[in-house]
Amino acid sequence: MGGTMVLYIVQIVLGLLVRRQRIDRDASKRVWFRHWHFWAGIAMLGLILLLLAIGIVGTLGHFGSLGHSWHLPAGLTVVGLALASAITGSRIHSDRPKSRIIHLSINGALAISLLLVLASGWTVVQKYLP
C-alpha cells in the first residue's frame, strides 16, 4: 500500500509538471513528463490489482470467505476508480477539454478512497496478528 501511495504522489507531481510545461509551451519537457506520468500510472494500476489479488487470496486462505470488514468495498472502489482514471487519462486531448476535468475529479475521489483503504487496512492487518 505504501508503494501505491508513493506512486500516487509521483502521479500528482508529474501531472502538475505536464500541465505547467503545457502552459510554457516547452514540448520536449512535456513529452518526457507525459511519458513518465503514463508509465507511473500503469505501475500504480498494476500494483493496485496485485494488492487486490493478494488480499483476496490471503483472506480466502485465512478466513475461507470474503467480506469481513469494509476494507473489501473500499478496495474495490479504489480498483474501479483507478481503472476509470486510466481510461479517462488516455482520452485527454485538446479536442475534448472536459476529459481533463473528469480525469482530475476521478483522481480526487481516488485520493479519498486510497485514504479509506489505508485506514481500513490497519484493522484488517490486526486480524492476522497473534
Where is the tightest heavy-atom contact between [X] and [Y], given as atom of each residue plus distance?
X      : Y     : answer
Gly3   : Leu47 : C-CD2, 3.6 Å
Val117 : His71 : O-CE1, 3.2 Å
Thr59  : Ser65 : CG2-O, 3.4 Å
Pro97  : Ser94 : CD-O, 4.0 Å
Ala86  : Leu45 : CB-CD2, 4.2 Å
His37  : Gln11 : O-OE1, 2.8 Å

Point to revise | Listed partners of Ser85 passing side-chain hydrogen bond (donor to acceptor under 3.5 Å, both in side chains), at least two apart | key: Asn107
When clusters are formed by joining ILVMFWY residues with side-chain heavy atoms under 4.5 Å apart, either directly or through shared neighbours, do [X] and [Y] land in the same one?
X      : Y      : value
Leu49  : Tyr8   : yes
Leu66  : Val57  : no
Leu16  : Ile102 : yes
Val79  : Ile112 : no
Leu114 : Leu104 : no

Practice item. Show which residues join Phe38 in its hydrophobic cluster (side-chain heavy-atom contacts under 4.5 Å, direct or indirect), or state none. Key: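 Besides Phe38, the hydrophobic cluster comprises Trp39, Ile42, listed by chain and residue number.
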Do [X] and [Y] make a side-chain contact, defined as non-hydrogen atoms from C-beta onward lying under 4.5 Å apart?
X      : Y     : result
Leu52  : Leu76 : yes
Trp36  : Val10 : no
Ser113 : Thr77 : yes

Check your understanding: Crowded around Arg91 CZ? As in, over 12 foreign heavy atoms under 6.0 Å?
Key -> no
Between [atom1] on residue [X] and [atom2] on residue [Y], distance to nearest 0.5 Å:
X      : Y     : atom1 : atom2 : answer
Leu115 : Met5  : CG    : CE    : 5.0 Å
Ile106 : Thr88 : CD1   : OG1   : 4.0 Å
His35  : Leu14 : NE2   : CG    : 11.0 Å
Ile48  : Met1  : CD1   : CE    : 7.5 Å

Review point. Between the side chain of His103 and the main-chain N/O of Gly89, is any donor-acceptor distance below 3.5 Å?
Key: yes
Practice item. Could you give me the CA-CA distance, side-chain angles and deciding distance for Trp70 and Leu116, then say whether side-chain contact (heavy atoms from CB on, under 4.5 Å) is met? Key: CA-CA 9 Å; Trp70 57 281; Leu116 290 173; 4.1 Å; yes
